[in-house]
Number of protein chains: 2
Amino acid sequence: MGDNKLLALDNIDLSINEGDFVSIMGSSGSGKSTLMNIIGCLDVPSSGEYHFRDNNVSTLNSNKLAELRNKDIGFVFQNFNLLPRLNAQENVVLPLLYSGKNLKERNQLAIEALESVGLKDRVHHRPNQLSGGQQQRVSIARAIAGSPKLILADEPTGALDSKTGLEIMKILNDLNAKGITIVLVTHEDDIANYGSRIIKMKDGKILEDKKNVNN
Amino acid sequence: MGDNKLLALDNIDLSINEGDFVSIMGSSGSGKSTLMNIIGCLDVPSSGEYHFRDNNVSTLNSNKLAELRNKDIGFVFQNFNLLPRLNAQENVVLPLLYSGKNLKERNQLAIEALESVGLKDRVHHRPNQLSGGQQQRVSIARAIAGSPKLILADEPTGALDSKTGLEIMKILNDLNAKGITIVLVTHEDDIANYGSRIIKMKDGKILEDKKNVNN
Ligand SMILES: Nc1ncnc2c1ncn2[C@@H]1O[C@H](COP(=O)(O)OP(=O)(O)OP(=O)(O)O)[C@@H](O)[C@H]1O
Ligand SMILES: Nc1ncnc2c1ncn2[C@@H]1O[C@H](COP(=O)(O)OP(=O)(O)OP(=O)(O)O)[C@@H](O)[C@H]1O
Ligand SMILES: [Mg+2]
Ligand SMILES: [Mg+2]
């Protein structure tokens, strides 16, 4: 490792209820993405416990974790994480393979999700044939296509102009209104204001966890 | 390709003088990064001409283009483009290999550039041991370390909180005050306002090219 035991997260004590819309803010390197990886069962905490629905995540094996993730959680990664050799539709359909739907339904859901983020005419483009913002929108479509119970969005509008960003936030807002839990990381105040709760982080700790008075 | 001959840029007529600070805005997919790739001699236009200093770029071979790029141009790519197996210092020192400076001077310049972007204690971290914003700051350090004549920054503060973002803009502003030409893409108005000229793009065309009255 680059240095001695740097704690990315430090004594985090957090609970999120089903249907919440939580925004997380904090300076670069403050631990936001690390916290999202734990919440999303992509990383296991080096100490302490994490419970997702009725499971104690630290006791689950990697297969069970993958099943939990694929069934219940949609991710919008900060660096998009698209597979370079697959086109937009193939990237979006990937997590649906575990959904139990047939090929026709899966492809239909993928196309609809890409249309909802304004990429109807780019479904066959590969990531290197898309702009930064278009790639980000493919990763948003992938996270929402299977209507997961929880969506974790790490700077979902970071590569988007304000108008496109607001269109994406309307989609997330509508999904939350249907009962889907949303946890969102952003450094922009007007995006964080979509949440009913705003958490501020610094040096791996939660500094503040406030109800959003604007919402 | 994903579709028929889509024009990423359409009849662009643009000139930028030495020492300018130009901001480019426009919606996702409007052609900003494509234009930056042309200006930075990474891509050659399919038709028309591009002149960089006294060179007609379309007539240069790939070796000459690489030499021009490495000597005169610093890039901050929208997707950072860091080499995963090199640490932060090694990534920053890479373009300095062509600078004619000795090993000690090169390493010194790389460390100083990383310190100037707030990463003094992460010089030995590899990209996957850095947060999104820290990776972006490594790519900024790499672009400025060799004091190039032109810096092309594609959304340089996209992954940064506002405070860190303003620190980066101060660095770019100081470099411009020393005579370095800066071309910057952003979707945030307060970042664009650092430029003395603001260009707005849509569907591959330049809609507007105005002097910035705030600056
Ligand atoms: N290799 C390619 N093949 C086909 N089309 C491409 C390719 N690269 C980019 N494009 C298309 O060209 C257009 C312009 O892309 P560009 O990356 O310049 O946009 P941008 O303004 O930088 O957008 P963003 O703000 O999302 O980064 C986009 O619509 C994109 O889909
Ligand atoms: N694999 C790793 N090894 C060592 N340190 C790491 C590793 N991954 C992350 N870190 C460190 O942990 C800290 C928290 O990183 P994290 O990615 O959670 O930050 P963040 O709040 O998301 O920042 P940003 O806004 O820049 O994306 C950072 O200081 C980073 O350098
Ligand atoms: Mg992050
Ligand atoms: Mg771009």
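Keep in mind that the numbers below use all heavy atoms, side chains included, and drop hydrogens, waters and symmetry copies. Chain naming here is simple, since letters A, B, ... match the order of the sequence lines and numbering starts at 1 in each.
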**Asked** Checking heavy atoms, do the side chain of Q78(B), its backbone, both or neither come under 4.5 Å from chain A?
**Response**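 The answer is the side chain of Q78(B).
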Turns out that what part of R126(B) lies under 4.5 Å from chain A's heavy atoms comes down to neither
For R142(B) and N81(B), which heavy atoms make the closest approach, and how far apart are they?
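Taking R142(B) first and N81(B) second, the nearest heavy atoms are NH1-O, 3.0 Å.
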So R137(A) and T164(A), do their side chains get closer than 4.5 Å, heavy atoms only?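 Touching, per the 4.5 Å side-chain cut-off.
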Query raised in the report: Under 4.5 Å between any side-chain heavy atoms of M169(A) and T157(A), yes or no?
Result: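 SC-SC contact between M169(A) and T157(A) confirmed.
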With side chain to side chain contact (heavy atoms under 4.5 Å, CB included) as the test, would you mind laying out the steps for N87(A) and V123(A) before giving the verdict? CA-CA 7 Å; N87(A) 69 27; V123(A) 295; over 6 Å; no
Among Q134(A), H187(A), K163(A), the residue with the most heavy-atom pairs under 4.5 Å to chain B is H187(A)
| For E188(A), is it the side chain, the backbone, both or neither that has a heavy atom under 4.5 Å from a heavy atom of chain B? |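 The side chain, not the backbone.
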Evaluate the side chain to side chain contact (heavy atoms under 4.5 Å, CB included) criterion for residues R122(B) and L130(B): first the C-alpha distance (whole Å), next the side-chain angles of each, then the deciding distance (0.1 Å), finally the verdict.
CA-CA 8 Å; R122(B) 291 214 166 15; L130(B) 294 170; 3.5 Å; yes
By residue number, those in residues 20-43 of chain A with heavy atoms under 4.5 Å from heavy atoms of chain B are G26(A), S27(A), S28(A), G29(A)
When only pairs under 4.5 Å are counted, which of A88(B), S162(B), G158(B) shares the most heavy-atom pairs with chain A?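 If we count pairs closer than 4.5 Å to chain A, G158(B) comes out on top.
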Go through the steps for F52(B) and V57(B) under the test side chain to side chain contact (heavy atoms under 4.5 Å, CB included), then give the verdict.
CA-CA 7 Å; F52(B) 180 73; V57(B) 168; 3.9 Å; yes
Q) How about N11(A): does its CG atom have over 12 heavy atoms from other parts shown lying under 6.0 Å from it? A)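 Atom CG in N11(A) is not crowded, with 12 or fewer foreign heavy atoms closer than 6.0 Å.
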Check step by step if side chain to side chain contact (heavy atoms under 4.5 Å, CB included) holds for L150(B) and I180(B). CA-CA 6 Å; L150(B) 166 66; I180(B) 291 181; over 6 Å; no
